[in-house]
Q: 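Dropping a structure here in structure tokens format, bear with me for questions.
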Number of protein chains: 2
Amino acid sequence: MLTDSATLAIVDDHPIVLEGLQRLLSNVKGITISGCFTTGTAFMSFLKENKVDVLLLDITLPDVNGIDLCKEVKSLSPDTHVLALSNHAERSMILQMIQHGATGYLLKNISSEELIACIREALSGMITFSKGAREIMARPSVTELKGIPQLTRREKEILHLISDGKTTPDIAAQLNLSPLTVETHRKNLIQKFQVKNMAALIKIAAQQGLI
Amino acid sequence: MLTDSATLAIVDDHPIVLEGLQRLLSNVKGITISGCFTTGTAFMSFLKENKVDVLLLDITLPDVNGIDLCKEVKSLSPDTHVLALSNHAERSMILQMIQHGATGYLLKNISSEELIACIREALSGMITFSKGAREIMARPSVTELKGIPQLTRREKEILHLISDGKTTPDIAAQLNLSPLTVETHRKNLIQKFQVKNMAALIKIAAQQGLI
DNA sequence: TTATTTCTACCTGTTTTCAGGTATTTTTGC
DNA sequence: GCAAAAATACCTGAAAACAGGTAGAAATAA
């Protein structure tokens, strides 16, 4: 039994989703659900004692964020295949998860057949994506093409203040800087994001969860 | 049977959620699931032929937005109790749904017991919220205190263009308007949102999902 | 058919932002 | 300790945004 049935665990803070996944997967040959968890910490302590072949992982959890959890899982148990299961339909998010060791990325609007197929693919050691996720990967949007620019501490700080409606003189006064310095940071931000003005930048930053 | 068992329909584009809800509610006394739909239009055509006592409605659907659908449902069938079921944990969203006729608002991290209790409450004609939703309602955040201002079609259009980095002259040219007119809309937007400038406005708009 | 909202357009003047640089001093990482 | 990155600061001029109005036409709702 151990040889031909894979163990699967689910981490999701939504009982409804947990129920749905259990129902969908309970009668699938070759897959045994060994645990369902609503928090990352609960799963991690389970993982210390049990072997898990596949983990279906919701990225947005109450206690830890999915990317960090994925990293932890992979360092504790490198053979566990982590399948991110999420509503986040952003390219950057998918890339980040893969970068941190996830074996695949499934959008929550996945169909049951697709879900099972993806789990099988993951078990055989392949990277796998749901249909929706593949589509997103296929068409890098203009804003996401460059990825999220790396911002310095000061730049983030100033971006926040700008998004709160503060003007350059305001910010300079608040941070005890020359207005000219603030202007320089502003310019660098616009350059880094490759946008025309702050309005466009703040939209992207907000959508990317930066502010 | 018609007198003591309430009919319930579910609209959600996530098969997993649909499965979970069906499973959770299938054996509940007094509730009969009469239909599950993944699109708003599919449900609307069902509603024209069938009586639905309670609708569990996911706000984010592929074809129509939940607020509009809720309005449609209530105007076609005022006796249907609409329970919004969503991941949107924003006060403004909850208020908007209630304003448009919803009987309650449930966050998707709701427990099964809570879900059933809420459906029962809705059936008895009461407004109902999940625990999480009640918490959000309890603490109005600073930005959300004023609610989302009602924007006109033109204002939304111009707000979008601004958030794409377009300047007033750009927008005027694109919409065949006087730049002065665009400026007026701009001013009205800033007044409606009670902010100092567009940077602050766009942050709020993005966070509220307006852009 | 009113009344109200929305859309349109105008005016004046000030403030802020943006584009195009250059350049020194701190930090930080190796 | 040295190189690279980050933070600081400066300059000029043009373009855009904002503040504070007013006001007529058009569309919508009551």
Side-chain angles (χ1 to χ4, degrees), chain A residues 142-143 146-206 210-211, chain B residues 67-68 71-72 74-75 78 96 99-101 143 146-206 210-211:
Chain A
V142 210
T143 61
K146 309 123 195 170
I148 301 178
Q150 201 61 37
L151 300 188
T152 67
R153 206 177 312 130
R154 210 41 151 182
E155 284 167 350
K156 282 181 201 162
E157 192 177 11
I158 286 173
L159 177 56
H160 263 103
L161 293 171
I162 293 170
S163 76
D164 283 339
K166 302 277 169 68
T167 66
T168 295
D170 290 346
I171 297 167
Q174 186 171 336
L175 301 181
N176 276 313
L177 293 174
S178 157
L180 298 161
T181 303
V182 178
E183 276 291 307
T184 302
H185 286 302
R186 220 186 172 106
K187 243 180 315 194
N188 291 337
L189 279 166
I190 286 177
Q191 262 199 344
K192 281 193 180 180
F193 277 88
Q194 305 241 290
V195 289
K196 263 193 73 177
N197 54 34
M198 272 298 153
L201 198 158
I202 285 169
K203 182 176 78 162
I204 294 171
L210 269 127
I211 50 179
Chain B
I67 291 161
D68 291 343
K71 236 188 314 190
E72 276 185 66
K74 291 301 282 187
S75 71
Q96 269 186 88
Q99 208 152 25
H100 288 91
T143 59
K146 308 126 195 170
I148 299 179
Q150 200 61 39
L151 299 188
T152 68
R153 204 177 312 130
R154 211 42 152 181
E155 284 167 350
K156 281 181 201 162
E157 193 178 12
I158 287 173
L159 177 55
H160 263 105
L161 294 170
I162 293 170
S163 77
D164 284 338
K166 303 275 170 67
T167 67
T168 295
D170 290 346
I171 297 167
Q174 185 172 335
L175 301 181
N176 278 312
L177 293 174
S178 157
L180 298 161
T181 303
V182 178
E183 277 289 312
T184 301
H185 285 302
R186 218 183 174 106
K187 238 177 323 190
N188 290 337
L189 280 166
I190 286 177
Q191 263 199 342
K192 280 193 180 180
F193 277 88
Q194 305 239 291
V195 289
K196 264 193 72 177
N197 54 35
M198 271 298 155
L201 198 159
I202 285 169
K203 182 177 77 163
I204 294 172
L210 270 139
I211 49 179

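Protein chains get the first letters and strands the later ones, always in sequence-line order, with residue 1 at the start of each.
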Q: Got a sec? Which of residues 181-191 of chain A come in under 4.0 Å of DNA chain C, heavy atoms?
A: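 Going residue by residue through residues 181-191 of chain A, the ones with a heavy atom under 4.0 Å of DNA chain C turn out to be A:Glu183, A:Arg186, A:Lys187, A:Ile190.
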Q: Do A:Lys187 and A:Ile190 come within less than 4.5 Å of each other through their side chains, counting heavy atoms only?
A: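 A:Lys187 vs A:Ile190: side chains apart.
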Q: Which value, rounded to the nearest 0.5 Å, describes the distance between A:Ile162 atom CD1 and A:Leu189 atom CG?
A: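 Result: 6.0 Å between the selected atoms.
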Q: Got a sec? Which of residues 195-203 of chain A come in under 4.0 Å of DNA chain D, heavy atoms?
A: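 Heavy-atom contacts with DNA chain D come from no residue of residues 195-203 of chain A; none.
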Q: How long is the span from the CG atom in A:Asn197 to the OG atom in B:Ser163, to the nearest 0.5 Å?
A: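 The CG atom of A:Asn197 sits 10.0 Å away from the OG atom of B:Ser163.
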Q: Using side-chain heavy atoms (C-beta onward) and a distance below 4.5 Å, is B:Ile204 in contact with B:Gln194?
A: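 Sidechains of B:Gln194 and B:Ile204: no contact.
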Q: Which residues in residues 156-176 of chain B have a heavy atom closer than 4.0 Å to any atom of DNA chain C?
A: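 Hits under 4.0 Å, by residue number: none.
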Q: Got a sec, which residues hit salt bridge (Lys or Arg N to Asp or Glu O under 4.0 Å) with B:Arg186, two or more places apart in sequence or on another chain?
A: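 Applying salt bridge (Lys or Arg N to Asp or Glu O under 4.0 Å) to B:Arg186 gives none.
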Q: Give every donor-acceptor pair under 3.5 Å between a side-chain atom in residues 175-184 of chain B and any protein atom, sequence neighbours left out.
A:
{"from": "B:Ser178", "atom 1": "OG", "to": "B:Leu180", "atom 2": "N", "distance (Å)": "3.0"}
{"from": "B:Glu183", "atom 1": "OE2", "to": "B:Thr168", "atom 2": "OG1", "distance (Å)": "2.9"}
{"from": "B:Thr184", "atom 1": "OG1", "to": "B:Leu180", "atom 2": "O", "distance (Å)": "3.0"}

Q: Give, for atom NE2 of A:His160 and atom CD1 of A:Ile202, the distance between the pair rounded to the nearest 0.5 Å.
A: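 Rounded to the nearest 0.5 Å, the NE2-CD1 separation comes to 10.5 Å.
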Q: Listed by chain and number, what are the salt bridge (Lys or Arg N to Asp or Glu O under 4.0 Å) partners of B:Lys74, not counting sequence neighbours?
A: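 B:Lys74 satisfies salt bridge (Lys or Arg N to Asp or Glu O under 4.0 Å) with no residue once adjacent residues are dropped.
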Q: Who pairs with B:Lys156 by side-chain hydrogen bond (donor to acceptor under 3.5 Å, both in side chains), at least two apart in sequence or on another chain?
A: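 Partners of B:Lys156 under the side-chain hydrogen bond (donor to acceptor under 3.5 Å, both in side chains) test: none.
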Q: Could you list all the salt bridge (Lys or Arg N to Asp or Glu O under 4.0 Å) pairs where at least one residue sits in residues 164-181 of chain A, not counting sequence neighbours?
A: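 As it turns out, the salt bridge (Lys or Arg N to Asp or Glu O under 4.0 Å) pairs with a partner in residues 164-181 of chain A, which skip direct neighbours, are A:Asp164-B:Lys203, A:Asp170-B:Lys196.
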Q: Students should find this one: the first and last nucleotides of DNA chain D, 5' to 3', lying under 4.0 Å from a heavy atom of chain B. What are they?
A: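 Result: D:dA16 to D:dG21.
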Q: Chain A on DNA chain C: first and last contacting nucleotide, 5' to 3', under 4.0 Å to a heavy atom?
A: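 Contact span on the strand: C:dT16 to C:dG21.
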Q: So if I take the C1' atoms of five pairs at each end of the helix from C:dT1-D:dA30 to C:dC30-D:dG1 and get each local axis, what angle do the two axes make, rounded to 10 degrees?
A: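 End-to-end axis angle: 80°.
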Q: First locate atom CD of B:Glu157, then atom CG of B:Leu159, and finally report the distance between them rounded to the nearest 0.5 Å.
A: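 Those atoms lie 11.0 Å apart.
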